[in-house]
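Structure first, commentary second.
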2 protein chains.
Amino acid sequence: MTRSTRQGEGTKGTRQARSDRSREQILLAALDLALEHGYQGTTMAAVSASSGLPIGSVYWHFKSKEQLFVALLEHCHKAWTELHSGPEGLRRKLHRGIAGLSGADPEQYTKEEALLKAAAVWALSRQLGGLGEDNEVRAAYLRMRVEMFKVDVERITESVPADVVERFPDLPTKLTVLSLALTDGFYVHANSDVHLELDFAEYADMAARALEGLVDDYARRAAGKGQ
Amino acid sequence: MTRSTRQGEGTKGTRQARSDRSREQILLAALDLALEHGYQGTTMAAVSASSGLPIGSVYWHFKSKEQLFVALLEHCHKAWTELHSGPEGLRRKLHRGIAGLSGADPEQYTKEEALLKAAAVWALSRQLGGLGEDNEVRAAYLRMRVEMFKVDVERITESVPADVVERFPDLPTKLTVLSLALTDGFYVHANSDVHLELDFAEYADMAARALEGLVDDYARRAAGKGQ
DNA sequence: GTCTATACTAAGATAGAC
DNA sequence: GTCTATCTTAGTATAGAC
């Protein structure tokens, strides 16, 4: 985004604008392909074909496959951050995580968020051949994950009564871990098209009830003389 | 490891026995490698090197990489079935699933069970390039998963009061799905070596309490006039 | 900046001697 | 049944014309 002299040019724009558009096309093509085929499964040739740009152009914009995916993760992380700026209770979080990611609630579904969840699986250390130890994509993802985890904890803290938090300071962290585990777990299920199709909305509700019950337990303990 | 002489049959055994031993060596090497590197990440060359047998022998015993992994899954499924023959309550199941798989409780940890959990992730449909649609490994895994799911449901049914089951017949299934999601989710965490190391035993306990709370809810509803 | 043609490499698989 | 040498393919990446 250096020169912005947007003279006339309806559809085409400046050379810079055209380049930017190409870059975005590549990124969006990679997003779709990555959701469908994963990291290893997404070939640069496929990105080229799907974006409509020749492979040379892809390598002009991104110097390697790793760099392309780092850029893709950054794109998704940015989208995630914007999406998660308002308040969000435990129940809504689980609903978005379980029913949204599974695609059961299209309202809550964004490809960017789904890709971040997919990346969690790619990043399984040493696993999958996908993202090996010294892979920049993995490193970038782990950085973002720490960041997103912090945001999650803060937002979950808001939805736990203040006195309970005071009595059990690490409860929000634990709830965050549990809800993350649940969403990750359902993500695995949702994308495994195993047996009967599940009613994810109902499971989101059950999961929320289960965690809320846990909070109630701690609240009771906080109200009593404490354990 | 040359063949040399067939002196005392004690350790060496017949030619058949030697062949069987080779086959097992290959499977065990593949098990370790697969846990470490996943499906894509495990190369036939590595299996050959790690097992001590040349690649030609590996292909003599298993006609393809896919067949090798199908055999490996069968080996693990057999181990799983033996392991899960006795009774096992919800709490113990979650402990095994969360603390065991993470390695936090070595007592509960078996490589075979861990591999099956890893395979759940590999099987993410269309994902990872690992196990594509028409992959025999994936098909074999999905068959086993259905089987194991049934066993899980039956065993969880036993740990829910009979009257509650009668009132809410699909509750055991739902609990099974939730506990599967939790264990899958924690498996992802445990193998992502992200931020702070978690106390999986404690999380196993929290998860158990959360689900037990859910059961209590249904029990109360069953006791009352019902929802 | 865009594109075609091609070099390089890793990995699955096979042939055939022993 | 075991092993070495080799074939084949697919996928990342680059060179260089336009």
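Values below: every heavy atom of this structure, side chains too, minus hydrogens, waters and symmetry copies. We name chains A, B, ... by the order of the sequence lines, and we start the count at 1 in each one.
- Separating the CG atom of L68(B) from the P atom of dA11(C) is a distance of 16 Å, rounded to the nearest angstrom.
- In this structure, F69(A) and Y39(A) have perpendicular ring planes: the angle between them is above 60°, well past the 30° mark.
- Using a 4.0 Å heavy-atom criterion, one finds that S19(B) contacts the sugar-phosphate atoms exclusively.
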Letter per nucleotide, 5' to 3', of nucleotides 11-18 of chain D [B base touched, S only sugar-phosphate touched, - untouched; heavy atoms, 4.0 Å]: SSBB----
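- Rounded to an integer number of Å, the gap from NE2 of H61(B) to P of dA13(C) is 17 Å.
- Between the CZ atom of F62(A) and the P atom of dG1(C) there is a distance of 14 Å, given to the nearest Å.
- The distance from the CH2 atom of W80(A) to the CD atom of E112(A) is 13.5 Å, given to the nearest 0.5 Å.
- The environment of R92(A) atom CZ is sparse: at most 12 non-hydrogen atoms of other residues, nucleotides or ligands sit within 6.0 angstrom.
- In the set dG1(C), dC3(D), dT2(D), dG1(C) carries the atom at the smallest distance from any side-chain atom of W60(A).
- Neither OP1 nor OP2 of dG1(D) sits under 4.0 Å from any side-chain N or O of S57(B).
- Among the atoms of the strands shown, only primed sugar atoms or phosphate atoms (P, OP1, OP2) are found under 4.0 Å from some heavy atom of Q16(B).
- Residues L94(A) and D205(A) fail the side-chain proximity criterion, which asks for heavy atoms closer than 4.5 Å.
- Partners of K111(A) by side chain to side chain donor-acceptor pair (under 3.5 Å), not counting sequence neighbours, listed by chain and number: D32(A).
- Spacing between atom CD of Q25(B) and atom C1' of dT2(D) amounts to 12 Å, rounded to whole angstrom units.
- Atom NZ of K93(A) sits about 10.0 Å away from atom OG of S159(A), to the nearest 0.5 Å.
- Atom CG of L53(A) and atom P of dT2(C) are 6 Å apart (whole Å).
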